[in-house]
Amino acid sequence: MVDVEKAKILILQNASLLGTEYVSLKDSIGRILAEDIKVEEDVPARNLSAMDGFAIKLPCDDKCKIIGESRTERPFLGEISQNEAVKVSTGSVLPKGSNAVVLIEDTLVSSDVVYIKKMPLEGRNIFKMGEEYEAGSIVSYNGSKISPFDFATFCRLNKTKVKVFKKVKISLLAVGKELVSCEEEGLYKNFLTPTFEEILRRPHIEIKRNIICRNNYEIEGELKKALDDSDIIISFGNASFDSSDGLFPVVQKIFEPIFWRVKMQPGKSLMAFKKNKTYYFGLSGNVWAAVLGFYLFIRPLIFLLSGQDYKFKSFESVLGEAFNKNSKEARFLRGTLIDNKFYFKKFSQHSHSLKGFRDMTHIAMLNPGPPQDIGAKVRVFEFSLEV
Ligand SMILES: Nc1nc2c(c(=O)[nH]1)N[C@H]1C(S)=C(S)[C@@H](COP(=O)(O)OP(=O)(O)OC[C@H]3O[C@@H](n4cnc5c(N)ncnc54)[C@H](O)[C@@H]3O)O[C@H]1N2
Ligand code: MOO
């Protein structure tokens with residue numbers, strides 16, 4: 001049995017990043033960048049007009065001769081002199097020599113002459129070369145998740161492929177003779193693996209299997225298959241290591257222990273094993289214990305393996321309600337913050353209960369010890385299952 005902090009360290013200390021691969025831009029959204037994205041050429045590469053109107057060269061008279069037109073699809077190639085104007089549209093390349101754009105609504109046009117009613121200041125209405133991104137600057141960093149706007153930026157930078165970390169391959173196993181699928185009639189429905197599959201359905205993760213194992217033979221077979229193709233295997237149920245129906249002995253046969261059982265409540269029944277580079281976690285079938293085990297130990301590992309930075313967002317707070325039990329081990333409560341105080345009584349604290357997940361925003365950790373009064377200091381974590 002290890003304490004919570006030791007358990008976190010034991011899991012992360014030997015974790016190594018997954019490999020990298022190149023993917024096409026359209027497949028990159030949601031993946032984790034494995035390179036810094038550097039701007040090769042100024043964006044925009046030329047001065048562009050930011051408005052519809054006329055490019056002019058200041059200082060000039062309020063009457064200019066129209067010498068041509070620059071369109072987005074067909075730029076004007078000549079150079080502009082004082083008292084000349086070139087018709088421009090939003091996004092079109094500005095002619096050489098121009099230094100301002102007068103808005104179309106501030107002009108009067110008569111055949112090839114434009115009368116300027118309101119003279120712009122120099123530099124106005126121009127989307128300047130390099131204004132968006134200067135050559136040599138970095139727009140996205142190694143380890144960041146590629147958002148739709150990153151995708152748009154990479155497109156604008158003329159990227160066609162980007163280097164990303166390989167997907168984290170995860171297997172989910174529900175273990176229990178009593179379990180039926182959510183579509184079947186029964187008292188003990190396996191809702192845990194489908195729920196976690198939804199939580200983990202992300203572009204940088206690949207779910208290799210989601211399966212119910214009802215006997216040792218199935219457990220062993222699925223664990224061995226998962227060992228071959230997964231980075232992380234998570235099982236739910238039968239996590240008590242001395243349970244008679246055999247998950248623990250099977251796991252012991254295949255993997256090497258990191259630790260089993262953690263000094264915490266709930267979630268004490270947790271196994272962490274490893275074989276080569278594959279991690280195995282045996283979480284409880286009790287939902288709050290399973291979610292907490294995932295939050296504390298597996299989620300940080302997924303961040304680390306996939307190349308992302310991870311930091312537990314925690315801070316000191318105080319109890320808004322008294323907690324009137326002794327705690328033998330670190331105790332985790334689900335709840336929420338109001339005026340920076342932690343409240344937990346309207347949330348079920350039962351390990352088996354689903355009540356409270358919808359509204360919980362924070363988790364408080366109480367150190368082992370006697371009951372705690374209102375105002376007692378507690379460490380509070382922001383709750384999120386985002387990976
Ligand atoms: N005498 C003792 N009893 C228990 C102890 C103890 O120390 N002494 N520890 C308790 C703690 S703490 C936990 S946690 C659980 C051990 O958990 P298990 O992982 O062995 O739990 P199971 O019996 O397999 O399941 C518990 C509960 O959850 C249901 N379940 C299981 N898998 C799923 C699934 N995939 N989806 C939904 N629900 C699932 C299962 O049917 C049970 O009802 O033991 C305590 N007991
Ligand atoms: O430690 Mo158990 O995981 O409370 O239900």
Side-chain angles (χ1 to χ4, degrees), residues 1-4 6-8 170-200 207 209-216 218-219 222-223 226 232-252 259-273 280-299 323 325-335 344 347-357 360 363-368 385:
M1 188 115 110
V2 293
D3 66 32
V4 175
K6 183 83 191 288
K8 282 187 199 159
I170 300 183
S171 285
L172 301 171
L173 271 52
V175 178
K177 292 183 186 68
E178 76 284 16
L179 298 174
V180 295
S181 76
C182 284
E183 292 73 38
E184 290 171 281
E185 281 284 317
L187 185 55
Y188 301 103
K189 295 207 177 200
N190 164 35
F191 59 77
L192 283 175
T193 58
T195 303
F196 273 87
E197 178 161 5
E198 289 310 314
I199 290 167
L200 295 169
I207 300 293
R209 59 182 57 66
N210 169 355
I211 195 161
I212 300 177
C213 301
R214 295 192 179 82
N215 56 51
N216 283 7
E218 286 175 3
I219 295 171
E222 293 304 327
L223 283 177
I232 301 177
I233 306 165
I234 310 172
S235 76
F236 299 87
N238 272 257
S240 325
F241 75 88
D242 51 357
S243 77
S244 54
D245 52 3
L247 176 60
F248 187 76
V250 176
V251 167
Q252 248 189 336
F259 61 80
W260 60 87
R261 287 175 86 75
V262 187
K263 288 182 197 154
M264 65 188 232
Q265 181 61 37
K268 191 187 310 168
S269 304
L270 189 145
M271 303 180 227
F273 282 69
Y280 163 78
F281 295 96
L283 300 178
S284 167
N286 281 341
V287 58
W288 171 214
V291 167
L292 187 61
F294 176 83
Y295 171 81
L296 288 175
F297 305 115
I298 305 177
R299 184 171 172 253
F323 182 76
K325 282 186 185 167
N326 286 306
S327 305
K328 274 199 297 191
E329 292 113 4
R331 188 185 288 271
F332 290 88
L333 301 174
R334 40 183 162 177
F344 57 91
F347 299 83
S348 170
Q349 301 302 333
H350 290 303
S351 180
H352 55 257
S353 179
L354 272 168
K355 274 190 187 164
F357 280 115
M360 74 184 281
I363 296 174
M365 185 176 101
L366 272 55
N367 289 321
L385 296 178

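Read the numbers this way: they start at 1 and go in the same order the structure lists the ligands and their atoms. Start at 1 with the first residue, then count along the sequence.
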Using a 3.5 Å cut-off on N or O atoms only, is [X] in polar contact with ligand 1?
X: Ala239; value: yes
X: Ala289; value: no
X: Asn238; value: yes
X: Ser240; value: yes
X: Val175; value: no
X: Gln265; value: no
X: Glu178; value: yes

Quick one: does [X]'s side chain get under 4.5 Å of [Y]'s, heavy atoms only?
X: Ile211; Y: Thr193; value: no
X: Met1; Y: Lys268; value: yes
X: Val287; Y: Phe236; value: no
X: Arg331; Y: Gln349; value: no
X: Leu173; Y: Arg209; value: yes
X: Leu296; Y: Ile363; value: no
X: Phe248; Y: Asn238; value: no
X: Arg261; Y: Ser269; value: yes

With heavy-atom distances below 4.0 Å as the criterion, list the atoms of ligand 1 near [X].
X: Lys189; value: 36 (N), 37 (C), 38 (N)
X: Ala174; value: 35 (N)
X: Leu192; value: 33 (C), 34 (C), 35 (N), 36 (N), 37 (C)
X: Gly237; value: 19 (O), 24 (O)

What atoms in ligand 2 come closer than 4.0 Å to a heavy atom of [X]?
X: Ser351; result: 2 (Mo), 3 (O), 4 (O), 5 (O)
X: Ala289; result: 3 (O), 5 (O)
X: Lys268; result: 1 (O), 3 (O)
X: Asn286; result: 5 (O)

With backbone taken as N, CA, C and O and side chain as the heavy atoms from C-beta onward, which portion of Tyr188 lies under 4.0 Å from ligand 1: side chain, backbone, both, or neither?
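For Tyr188, the contact with ligand 1 is made by the side chain alone.
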Side chain, backbone, both or neither: the part of Thr193 lying under 4.0 Å from ligand 1 by heavy atom:
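For Thr193, no heavy atom sits under 4.0 Å from ligand 1.
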State yes or no: are the ring centers of Phe294 and Phe196 separated by less than 6.0 Å?
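Between Phe196 and Phe294, which both carry aromatic rings, the centre distance is below 6.0 Å.
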Looking only at non-hydrogen atoms, which of [options] approaches [atom] most closely?
atom: atom 33 (C) of ligand 1; options: Leu179, Val287, Leu172, Ile212; answer: Leu179
atom: atom 3 (O) of ligand 2; options: Gly285, Ser284, Ala239, Gly267; answer: Gly267
atom: atom 25 (O) of ligand 1; options: Ala290, Ser351, Gly285; answer: Gly285
atom: atom 17 (O) of ligand 1; options: Ser284, Gly282, Ser181; answer: Ser284
atom: atom 13 (C) of ligand 1; options: Ser269, Cys182, Gly267; answer: Ser269

Using a 4.0 Å heavy-atom threshold (strictly under), name the region of Gln265 that reaches ligand 2: side chain, backbone, both or neither.
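Side chain only.
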Which heavy atom in [X] sits nearest to a heavy atom in [Y], and how many Å separate them?
X: Arg214; Y: Ser181; value: NH2-N, 4.5 Å
X: Val262; Y: Ala7; value: CG1-CB, 4.3 Å
X: Cys182; Y: Asn190; value: SG-O, 3.3 Å
X: Lys189; Y: Glu184; value: NZ-O, 2.8 Å
X: Arg334; Y: Ser353; value: NH2-O, 2.7 Å

